[in-house]
Amino acid sequence: MSAVLHHAPSHPTETLRVTRLEPTIGAEIAGIDLRQPLTPALRDELRGLLLEHKVIFFRDQAISTEQQIAFAREFGELYVHPTTQQNDPTQPQAHLIQAQDERKLYGPRTSGRWHTDTSWLLQPTLGAILRAVDLPPVGGDTLWADTAAVYRALPDELREEIDDLHVVHDFKSSLDKVGYDYPILAHPLVRTHPETGEDGLFINFSQNPSVIGWTPEKSKQLIDRLLLEFNKPEHQVRFKWQENSVAFWDNRSTLHYPVYNYGGYPRRMERVLIAYDDIPHRVRRANAA
Ligand code: SIN
């Protein structure tokens with residue numbers, strides 16, 4: 001099992017209880033009250049756990065929107081998304097994530113559900129904190145995939161072929177609808193995580209990904225091949241939401257996939273985005289194997 005653990009385990013804590021959910025992704029964290037302000041030591045510890053597990057989950061946290069915002073602010077400046085609605089216009093940092101809007105965005109294309117937030121930005125958001133507000137009685141899980149595990153699972157020749165590619169992230173039609181003028185841009189497909197140094201894929205299946213300089217056919221073939229790998233349960237963790245559950249994920253090392261299997265139930269979540277991912281890039285190591 002040690003072969004799949006790519007980071008040293010975080011230092012044991014006196015208060016937090018950490019339950020790893022999958023070998024490389026996902027952990028449930030207990031022994032913390034998110035209504036309380038964090039000490040710098042606790043904040044650093046949570047940040048370390050986020051880097052190690054890529055998405056961390058908290059149960060039984062009856063937090064308000066204000067407390068969710070305050071918690072997120074511990075980890076950086078917040079990003080106000082131009083297209084998402086808010087529950088409360090006086091709290092623009094808290095985005096209302098509603099089933100009907102998400103369905104419009106991703107439609108019936110299940111492929112489009114694997115995404116990372118705001119990758120259309122030159123400097124995408126670092127991560128997100130999502131809180132359950134109104135859940136269906138059953139269903140409505142969210143999955144996260146480990147983008148580094150997906151990259152490592154690709155055959156060597158394919159990894160070599162794609163290492164220097166750039167892929168388009170196109171959110172323009174949604175931005176145009178709200179009059180937000182922003183160009184369509186491309187990011188490197190393979191990026192090095194700025195904090196862990198791990199290489200992973202950076203792609204957003206909901207934003208018309210295509211490879212710069214490749215024919216549409218060749219590009220589609222590659223995107224489909226990558227999607228096949230993202231769809232493997234080996235690279236994923238699946239979270240079953242409950243009342244007062246909170247998820248905190250790293251947009252730089254994961255993609256996520258909301259599952260729509262709950263009919264017309266008006267599932268509602270509240271999301272706060274933490275700004276300023278470093279511009280995705282690839283670090284070439286002189287002695288890389
Ligand atoms: C999101 O895509 O940011 C939200 C995921 C979810 O609603 O489960």
Side-chain angles (χ1 to χ4, degrees), residues 21 25-26 28 50 54-59 61 63 65 68-69 71-72 75 78-87 91-121 124-147 169 171 174-175 202-209 227 230-231 236-275 277:
L21 298 180
I25 182 166
E28 214 166 288
L50 178 73
K54 303 171 181 191
V55 52
I56 53 180
F57 305 107
F58 306 89
R59 299 283 191 191
Q61 302 288 339
I63 55 171
T65 301
Q68 184 183 357
I69 290 173
F71 177 60
F75 300 94
L78 304 184
Y79 178 72
V80 176
H81 199 289
T83 69
T84 35
Q85 297 180 43
Q86 292 107 35
N87 236 346
Q91 308 276 8
Q93 305 91 341
H95 309 131
L96 186 61
I97 307 291
Q98 302 203 84
Q100 59 269 36
D101 297 339
E102 295 282 293
R103 281 207 194 90
K104 254 185 259 153
L105 188 58
Y106 304 123
R109 299 171 302 134
T110 50
S111 60
R113 291 187 201 150
W114 280 120
H115 66 282
T116 175
D117 305 308
T118 64
S119 64
W120 51 273
L121 284 168
T125 49
L126 179 152
I129 295 174
L130 186 68
R131 178 172 67 90
V133 176
D134 188 2
L135 293 170
V138 66
D141 300 349
T142 309
L143 286 85
W144 282 263
D146 176 347
T147 59
H169 295 248
F171 194 50
S174 297
L175 295 170
F202 193 71
I203 182 165
N204 189 329
F205 291 95
S206 75
Q207 293 182 4
N208 305 315
L227 181 60
F230 271 98
N231 279 335
Q236 305 167 1
V237 62
R238 181 173 185 137
F239 188 58
K240 294 211 158 292
W241 294 94
Q242 294 166 359
E243 198 180 337
N244 298 328
S245 296
V246 173
F248 181 5
W249 68 88
D250 187 336
N251 268 327
R252 305 162 299 176
S253 55
T254 61
L255 300 192
H256 53 284
Y257 182 119
V259 178
Y260 300 124
N261 58 352
Y262 44 89
Y265 190 91
R267 175 182 182 268
R268 282 191 304 138
M269 314 290 276
E270 217 161 61
R271 187 188 66 189
V272 180
L273 290 170
I274 301 160
D277 181 4

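Because the structure is predicted, anything quoted here is derived from the model rather than measured. Numbering of ligands and ligand atoms starts at 1, following listing order.
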For [X], atoms of ligand 1 separated by under 4.0 Å from a heavy atom:
X	result
His115	1 (C), 2 (O)
Arg271	3 (O)
Ile97	4 (C), 7 (O)
Asp117	3 (O)
Leu130	4 (C), 5 (C), 6 (C), 8 (O)

task: Check salt bridge (Lys or Arg N to Asp or Glu O under 4.0 Å) between Arg59 and all other residues, then give those that pass, not counting sequence neighbours.
output: Glu28
message: Is it the case that the side chain of Arg131 and the backbone of Gln68 share a donor-acceptor pair, with hydrogens and angles ignored and the cut-off at 3.5 Å?
response: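 The answer is no, because no donor-acceptor pair under 3.5 Å joins these two groups.
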- prompt: What do you reckon, are the aromatic ring centroids of Tyr257 and Phe230 less than 6.0 Å apart?
  reply: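 No, they do not, as the ring centres are separated by 6.0 Å or more.
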query: What distance do Thr142 atom OG1 and Phe239 atom CZ have between them, rounded to the nearest 0.5 Å?
result: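 One gets 8.5 Å once the value is rounded to the nearest 0.5 Å.
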Looking only at distances, please establish whether an N/O atom of ligand 1 is found under 3.5 Å from an N/O atom of [X].
X	value
Arg267	yes
His256	yes
Thr142	yes

Residue list, side chain to side chain contact (heavy atoms under 4.5 Å, CB included) with Ala128, at least two apart or on another chain: Asp117, Trp249, Arg271, Leu273
- request: Before accepting this row, confirm whether a basic side-chain N of the pair Asp141/Lys240 lies closer than 4.0 Å to the acidic partner's carboxylate O.
  value: yes
